[in-house]
Amino acid sequence: MRIRTALTRVAALGAAAALAATALTACGGGDAADRTHNPYGLLQPGVIRAGTLTDAPPNVYLKDGEFTGFDNDLLRAVAGKVGLTVEFVGTDFSALLSQVNNRKFDVGSSSITVTEARKKTVDFGNGYDFGYFGLDVPAGSAITGFDQLAGKRVVVVQGTVQDDFATRQNLDPVRVPDYNGAVNQLKAGTADAWIAPAEIGDKSAADSNGRIRVAAKQLSPAPTAYAVAKGNDRLREALNKGLDEVIADGTWSRLQEQYYPGRPIPADFTPGSGSVAAPSPSAAS
C-alpha cells in the first residue's frame with residue numbers, strides 16, 4: 001500500500017509538472033503570436049482606434065456623419081502606408097491625452113501641439129503640421145492684439161496649448177470643454193476674447209454672420225503631432241514611417257492645399273523626420 005501510494009503521488013506530481021510546463025509554453029507561444037498578429041499593440045489588430053474631436057474644422061470635425069479634417073484624413077493616409085485602417089471616436093480634448101495613455105485609444109488625432117508637459121503623459125510621433133494662435137473677439141470690440149487681454153474675460157478650451165499660453169500670461173482664463181462652448185461665449189457676450197487655433201478661429205468668425213471677428217494671429221512655438229501611449233514605440237515608429245511616405249508621395253501637400261488654401265508654410269518648419277522633401281501643392285496635384 002505504501003509503495004502504491006508513493007507511486008501515485010509521484011505520478012500526480014509528474015502530471016502537475018507537465019501541465020505547468022505546457023501552460024508556460026502556451027503563454028510564451030501566445031505572446032509571440034500576439035506580436036506577430038498585432039505588432040503595434042492595437043486594441044483591435046489592424047485597426048487604429050483614434051480619439052478625436054467633432055467640432056474643430058478644418059483640423060478635425062464631423063461632416064455628414066463622417067470624421068474628416070486635415071489631421072484625420074492625413075492619419076488615414078499614414079495608416080494605409082503601414083497596412084492599417086482607422087476607426088475614429090469623438091471625445092473632449094481635455095480628456096484625450098489621458099485616454100490615449102490609458103489605452104482607451106491607440107492614437108490621439110486633434111492638432112495636438114507637442115509640449116514638454118504633455119510628453120509626461122504620452123509619446124509623440126514626428127510633427128506633421130504647424131499652427132497659429134488666433135484671437136477672436138465679438139464684433140465691435142476694441143481689442144486688436146494679444147497684448148490687450150490683461151483684465152479681460154478670455155475664454156479657452158480646457159487643456160489646449162492656448163489654455164497653457166493664457167495661463168502663462170496670467171490671464172486667468174475661462175475654460176470650456178469644446179470649441180462650440182467658446183464660440184457661444186463670444187456670441188452671448190460673456191467673454192471678451194477667445195484664444196483659438198487660428199484656422200478654427202477663422203472658420204468660426206466666417207460662420208458667425210458678422211458677430212465674431214479675428215483680431216490677431218501669432219505663430220505657435222511648437223509643431224503638432226499624433227499622440228500614442230507611453231512606451232508604444234512600435235506604433236510611434238510605424239506612424240513616423242507612414243508620415244514620411246505620405247510626405248514623399250505628395251499626399252501631405254495636397255491635404256495642406258485642400259484644407260488650408262493659400263496658407264504659407266513657415267521657412268523653418270519641416271514635416272516628418274526631415275529626411276524627405278514635400279513637393280509643392282501644384283506639383284503634388
Side-chain angles (χ1 to χ4, degrees), residues 40-43 48-56 59-61 69-72 74-75 78 86 88-134 154-179 181-182 194-201 218-240 242-243 266 268-274:
Y40 307 120
L42 301 174
L43 293 166
I48 292 174
R49 184 177 174 87
T52 188
L53 307 190
T54 61
D55 64 344
N59 304 84
V60 286
Y61 62 102
F70 175 80
D71 300 61
N72 289 345
L74 182 68
L75 181 58
V78 168
V86 185
F88 291 102
V89 180
T91 188
D92 290 334
F93 189 85
S94 60
L96 178 56
L97 297 187
S98 62
Q99 289 171 331
V100 169
N101 199 45
N102 291 334
R103 301 296 181 114
K104 180 176 181 179
F105 302 122
D106 300 306
V107 170
S109 170
S110 186
S111 194
I112 306 169
T113 301
V114 178
T115 68
E116 292 304 315
R118 289 173 178 173
K119 287 180 182 178
K120 296 177 182 178
T121 303
V122 294
D123 287 340
F124 288 100
N126 291 331
Y128 62 79
D129 201 13
F130 57 94
Y132 289 85
F133 292 164
V154 178
V155 65
V156 295
V157 174
Q158 183 177 357
T160 61
V161 69
Q162 292 82 29
D163 185 353
D164 295 342
F165 172 80
T167 301
R168 290 198 305 272
Q169 298 298 313
N170 298 314
L171 296 178
D172 191 23
V174 176
R175 297 175 175 89
V176 294
D178 54 40
Y179 295 109
W194 168 31
I195 302 176
E199 293 81 15
I200 296 168
Q218 69 179 45
L219 186 65
S220 177
T224 61
Y226 297 117
V228 301
K230 296 289 287 184
N232 194 348
D233 294 336
R234 288 191 176 191
L235 179 57
R236 179 180 54 79
E237 290 165 2
L239 294 177
N240 287 342
L243 176 58
D268 59 350
F269 175 74
T270 301
S273 67

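The shown structure was predicted, so the numbers you read here are calculated from the model rather than taken from an experiment.
- Between the CG atom of D92 and the OG1 atom of T54 there is a distance of 8.5 Å, given to the nearest 0.5 Å.
- A donor-acceptor pair under 3.5 Å is formed between the side chain of D106 and the backbone N or O of L43.
- Going from atom CZ of F130 over to atom CG of D268 covers 10.0 Å, rounded to the nearest 0.5 Å.
- Taking 4.5 Å as the limit, some side-chain heavy atom of L171 sits within range of a side-chain heavy atom of I195.
- Using modelled atom types and a 3.5 Å distance limit, the side chains of N126 and S273 yield no donor-acceptor pair.
- In terms of heavy-atom proximity, V156 sits nearest to Q162 at CG1-O, 3.9 Å.
- In this structure, N232 contributes its side chain and Y40 its backbone to a donor-acceptor pair below 3.5 Å.
- Here the side chain of T52 pairs a donor or acceptor atom with the backbone of S109 at under 3.5 angstrom.
- With R103 contributing its side chain and A229 its backbone, the two residues share no donor-acceptor pair below 3.5 Å.
- Of the possible polar contacts, one joining the K230 side chain to the K119 backbone as a donor-acceptor pair under 3.5 Å is found.
- Of the possible polar contacts, one joining the T224 side chain to the D129 backbone as a donor-acceptor pair under 3.5 Å is found.
- Using a 3.5 Å distance cut-off with no hydrogens or angles, the side chains of D71 and Y128 do pair a donor with an acceptor.
- The shortest heavy-atom contact between P266 and Y132 is CG-OH, 4.1 Å.
- In this structure, CD1 on I112 lies 7.0 Å from CZ on R118, to the nearest 0.5 angstrom.
- Side-chain atoms of F88 and V60, non-hydrogen and from C-beta on, never get closer than 4.5 Å to each other.
- The minimum heavy-atom distance linking P173 with T167 is given by the pair CG-OG1, 4.2 Å.
- S111 and N59 get closest at one heavy-atom pair: OG-ND2, 3.5 Å.
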TODO: Before giving the answer on side-chain contact (heavy atoms from CB on, under 4.5 Å), spell out for V107 and L235 the whole-Å C-alpha distance, their side-chain angles and the decisive distance to 0.1 Å.
DONE: CA-CA 9 Å; V107 170; L235 179 57; 4.0 Å; yes
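- Atom NZ of K104 is separated from atom CD of Q99 by 4.5 Å, given to the nearest 0.5 angstrom.
- Within 6.0 Å of atom CG in D172, 12 or fewer heavy atoms from other residues, nucleotides or ligands are found, so the atom counts as exposed in its surroundings.
- In this structure, Y226 contributes its side chain and L75 its backbone to a donor-acceptor pair below 3.5 Å.
- Using a 4.5 Å heavy-atom threshold, the side chains of Y179 and P197 count as touching.
- For the pair P223 and F269, the tightest heavy-atom approach, listed with the atom from each and the gap, is CB-CE1, 4.1 Å.
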- [ ] Quick one: do T113 and T160 satisfy side-chain contact (heavy atoms from CB on, under 4.5 Å)? Show the steps, please.
- [x] CA-CA 8 Å; T113 301; T160 61; over 6 Å; no
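- You'll find the side chain of T121 stays beyond 4.5 Å of the side chain of V100, heavy atoms only.
- Closest non-hydrogen pair, A50 versus F105, comes out as C-CD2, 4.2 Å.
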Open item on the list: One pair to check against side-chain contact (heavy atoms from CB on, under 4.5 Å): N72 and Y61. What are the steps and the verdict?
Closed with: CA-CA 9 Å; N72 289 345; Y61 62 102; over 6 Å; no
